Amino acid sequence: MLKTYHGSCHCGAVRYEADIDLQAETHRCNCSFCAKARNWGATIKPSAFRQLAGEDALTEYTFNSRSARHLFCKHCGGRPFSRGDVPEIGGAYVSVNIACIDDISQEELGRLPVKYMNGRDNDWWHAPAHTAHL
Ligand SMILES: [Zn+2]
């Protein structure tokens with residue numbers, strides 16, 4: 001069910017709201033970035049995302065193909081969301097960091113469906129052999 005969630009970085013400088021169906025899918029990945037950042041994301045269209053504060057607090061990190069902009073708050077280092085553009089998944093997207101959603105209960109977090117992606121082997125459509133640590 002589509003629901004509007006609110007999220008922020010740790011210091012609160014960056015705030016957003018986003019319309020997400022978290023029961024549909026969330027994802028964890030073992031690619032070089034997600035593994036080190038322990039990223040847990042939900043991918044939505046940019047039209048479902050509204051940044052409410054902190055555009056000037058954001059800075060970004062990109063690597064490799066530079067198709068993903070890994071945004072983070074320059075005050076606290078929090079990574080409330082990232083942006084990217086990948087034709088294979090439908091073009092422009094926002095990946096909301098589920099760990100930065102403020103108005104979600106621990107119970108709801110614990111029940112979210114997780115899809116695992118084997119980004120480490122560039123095999124994004126399949127789960128890797130080992131997922132417990134992601
Ligand atoms: Zn911050």
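Side-chain atoms are counted along with the backbone in the values below, which use heavy atoms only and exclude waters and symmetry mates. What you see is a predicted model; the values in this text were computed from it and never measured. We count ligands from 1, going down the list as the structure has it; atoms in each ligand are counted the same way.
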Item to check | the Zn ion (ligand 1) contact by Cys73, N, O or S atom under 2.8 Å | outcome: yes
Checklist outcome for this item: With rounding to 10 degrees, Cys9 SG, the Zn ion (ligand 1) and Cys11 SG define an angle of 110°
Item to check | Asn118 vs Cys29 side-chain heavy atoms within contact, under 4.5 Å | outcome: no
Next on the checklist: Distance check below 2.8 Å: does His10 bring an N, O or S atom to the Zn ion (ligand 1)?
Outcome noted: no
Checklist entry - Under a single-linkage definition using a 4.5 Å side-chain heavy-atom cutoff for Ile, Leu, Val, Met, Phe, Trp and Tyr, are Phe81 and Tyr93 assigned to the same hydrophobic cluster? => result no
Checklist entry - Near His133 NE2, under 6.0 Å, is it more than 12 heavy atoms from other residues, nucleotides or ligands? => result yes
Checklist entry - Taking the six-membered ring for Trp, are His70 and Phe63 parallel (under 30°), tilted (30 to 60°) or perpendicular (over 60°)? => result parallel
